[in-house]
Protein chains: 2
Amino acid sequence: MGTKGLSKELIVAEAIACIESTGQPGVSLHELARRLGVKTPSLYNHIKNTKELQYEVFRHAIEKFVVNQKAATLDKRKDDAVKAFAEAYHTFAVENKGLYRLIMSIPSEDDDRAKELAIPLLETVVEILSDYGLLEETIAHWQRVFRAILHGFISEEELGYFYYYRSIDLRKSREIAVQCFLDGLHAEIEKDTEMRLGESGQ
Amino acid sequence: MGTKGLSKELIVAEAIACIESTGQPGVSLHELARRLGVKTPSLYNHIKNTKELQYEVFRHAIEKFVVNQKAATLDKRKDDAVKAFAEAYHTFAVENKGLYRLIMSIPSEDDDRAKELAIPLLETVVEILSDYGLLEETIAHWQRVFRAILHGFISEEELGYFYYYRSIDLRKSREIAVQCFLDGLHAEIEKDTEMRLGESGQ
DNA sequence: TTGACAAACTAATAGTATTAGTTTTAGAAT
DNA sequence: ATTCTAAAACTAATACTATTAGTTTGTCAA
């Protein structure tokens, strides 16, 4: 047996540490091996390739993200939950830049496995929206809208596209966006209710 | 003089063609040289490095994007302009995947030059929102909200995060988002107007 | 104590970007 | 017409990436 006690878990842990400290969504195997005190090809005794490593780190990132979101919204309902979720989402993305960037870089085509892992990410939002008593389809739409707003904000922010009008408070922009979403959702609920009443009244 | 008549313009044009055909946000110099019938290092007689090449392609992408947006909204005002812009934005991103991905990958830190180029991207939105007669600051906020929604949508769509609930119409989700934005904007206008009346009445 | 297997290694390939230094050659000047 | 120059191509090399093949080493179990 080799003497350095390397393992998949150790490699993944080191990769996560690297990503967290650099804010980049990945690490090179060379750098990883250097940190672990082995030569690069030795890593291949424990991992299949960079894709598998990325998958493992991705799994960790998703889990951390979801746990964070659930904790932030556990004791909250409706608007309070939505607001808390938005806040937690933003904070996580800023504080875990590398992991968030990784989450937001799963390639669309390949990696059906990665897509599986991402499901809980949606479920958290769906659970919150379920409290409003909307139709399944309506929830699906508004969940998309909500997530698009949250990711769009982070994305434009990190990319520097909110760099313009620097003096204007970013947090306020975000709060406006979330309130805009909530107002739209409330209007939808009214429409939805009216429609149901109309249907039952026919 | 070398005989192949290579030039910066030719290289950039080929890079753009590559990016458009592959949908990737970049090309390798090797691939580029191969297509142009020269050896890789020859490219360095015309470009400084990949960063400069990327900058040039980025410039083209921004310009194409902006021209497209302006054309789509030229004869429209207020809500019509907003809706047309949203539609044009989405269509461009889907039809010019590679260029859009490039636009949405300028790194935040470096590349202040690239940031300069991106200004017209904001101006188009600001111009449209200016028609509503809002305060400068309010426009800045809502321009951020609008752009976040548009990019968020494209981004989640391309990433496959809207892959779930496949059966539910994506276009409708997008229309809901845009309408949600418009409703929020209209509410803001009312608030804004009330505030001004209140101020002048004091 | 020996033999097998896991885990490390070395050496090599192939793909990125990039630099240094050399050759070619078109076109201007003599 | 010949020669000179400078741009534009080249070759060769370095330094990164990931990855594979094949070899050695060391521990544990028979």
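Order of the sequence lines fixes the chain letters, A, B, ..., with proteins taken first and strands second; residue numbering starts at 1 for each chain.
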*Asks:* With respect to the side chain of A:P41, which nucleotide from D:dA21, C:dA20, D:dA18 is positioned closest?
*Replies:*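 Nearest to the side-chain atoms of A:P41, counting from C-beta on, is D:dA21.
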*Asks:* The test is side-chain contact (heavy atoms from CB on, under 4.5 Å); show your working for B:R35 and B:H30 and say whether it passes.
*Replies:* CA-CA 9 Å; B:R35 279 172 172 251; B:H30 180 74; over 6 Å; no
*Asks:* Any side-chain N or O of B:K39 less than 4.0 Å from the OP1 or OP2 oxygen of D:dA9?
*Replies:* no
*Asks:* C:dT13 P sits how many Å from A:L29 CG, rounded?
*Replies:*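 Whole-Å distance recorded here is 20 Å.
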*Asks:* Measure the distance from CG on A:N49 to C1' on C:dT13 and round it to the nearest whole Å.
*Replies:* 17 Å
*Asks:* Assert yes or no for the condition that the ring centre distance of A:Y132 to A:W142 is strictly below 6.0 Å.
*Replies:* no
*Asks:* Expressed as a whole number of angstroms, how long is the span from A:Y44:OH to C:dT13:P?
*Replies:* 17 Å
*Asks:* Does the side chain of B:L53 come within less than 4.5 Å of B:L29's, by heavy atoms?
*Replies:*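 Side chain of B:L29 against side chain of B:L53, heavy atoms only: contact under 4.5 Å found.
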*Asks:* Between A:H30 and B:V38, which has a closest nucleotide on DNA chain D that is more 5'?
*Replies:* B:V38
*Asks:* Looking at A:E52, A:E56, A:H60, A:R59, which one forms a side-chain contact (heavy atoms from CB on, under 4.5 Å) with A:V12?
*Replies:*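 It is A:E56; the other options fail the test.
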*Asks:* May I have the distance from A:L10 (atom CG) to C:dA6 (atom P), rounded to whole angstrom?
*Replies:* 19 Å
*Asks:* Think B:S42 has a side-chain N or O under 4.0 angstrom from the OP1 or OP2 of D:dA8?
*Replies:*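 Checking D:dA8 against B:S42, no side-chain N or O comes under 4.0 Å of OP1 or OP2.
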*Asks:* Please state whether the phosphate of D:dA9, meaning OP1 or OP2, lies under 4.0 angstrom from any side-chain nitrogen or oxygen of B:H46.
*Replies:* yes
*Asks:* Is the positively charged end of A:R144 above the ring of B:F153, judged by distance under 6.0 angstrom from the centroid and angle within 45° of the axis?
*Replies:* no
*Asks:* Round to the nearest Å and state the distance from B:R34 atom CZ to C:dG15 atom C1'.
*Replies:* 14 Å
*Asks:* Can you see if the side chain of A:T40 gets near the phosphate of D:dA18 - specifically, an N or O under 4.0 Å from OP1 or OP2?
*Replies:* no
*Asks:* Is the side chain of B:S130 donor-acceptor paired with the backbone N or O of B:V126 at a distance under 3.5 Å, no angle test?
*Replies:* yes
*Asks:* Rounded to whole angstrom units, what separation is found between the CG atom of A:L43 and the P atom of C:dA6?
*Replies:*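 Rounding to the nearest Å, CG of A:L43 and P of C:dA6 are 18 Å apart.
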*Asks:* Starting at atom CD of A:E31, determine the distance to atom P of D:dA15, rounded to an integer number of angstrom.
*Replies:* 18 Å
*Asks:* Does B:N45 contact D:dA7 through a side-chain donor or acceptor facing the base, at a distance under 3.5 Å?
*Replies:* no
*Asks:* How bent is the helix from C:dT1-D:dA30 to C:dT30-D:dA1, comparing axes over its five end pairs at each side, to the nearest 10°?
*Replies:*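 For the helix from C:dT1-D:dA30 to C:dT30-D:dA1, the axes at either end differ by 20°.
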*Asks:* Take atom CG of B:L53 and atom P of C:dA17, then tell me their distance rounded to the nearest Å.
*Replies:* 10 Å
*Asks:* Less than 4.0 angstrom from a charged side-chain N to a carboxylate O is my criterion; do A:D131 and A:K78 meet it?
*Replies:*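 Salt bridge flag = no for A:K78 with A:D131.
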*Asks:* Under 4.0 Å between a side-chain N/O of B:S28 and OP1 or OP2 of C:dT16, yes or no?
*Replies:*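 Yes, B:S28 has a side-chain N/O under 4.0 Å of OP1/OP2 on C:dT16.
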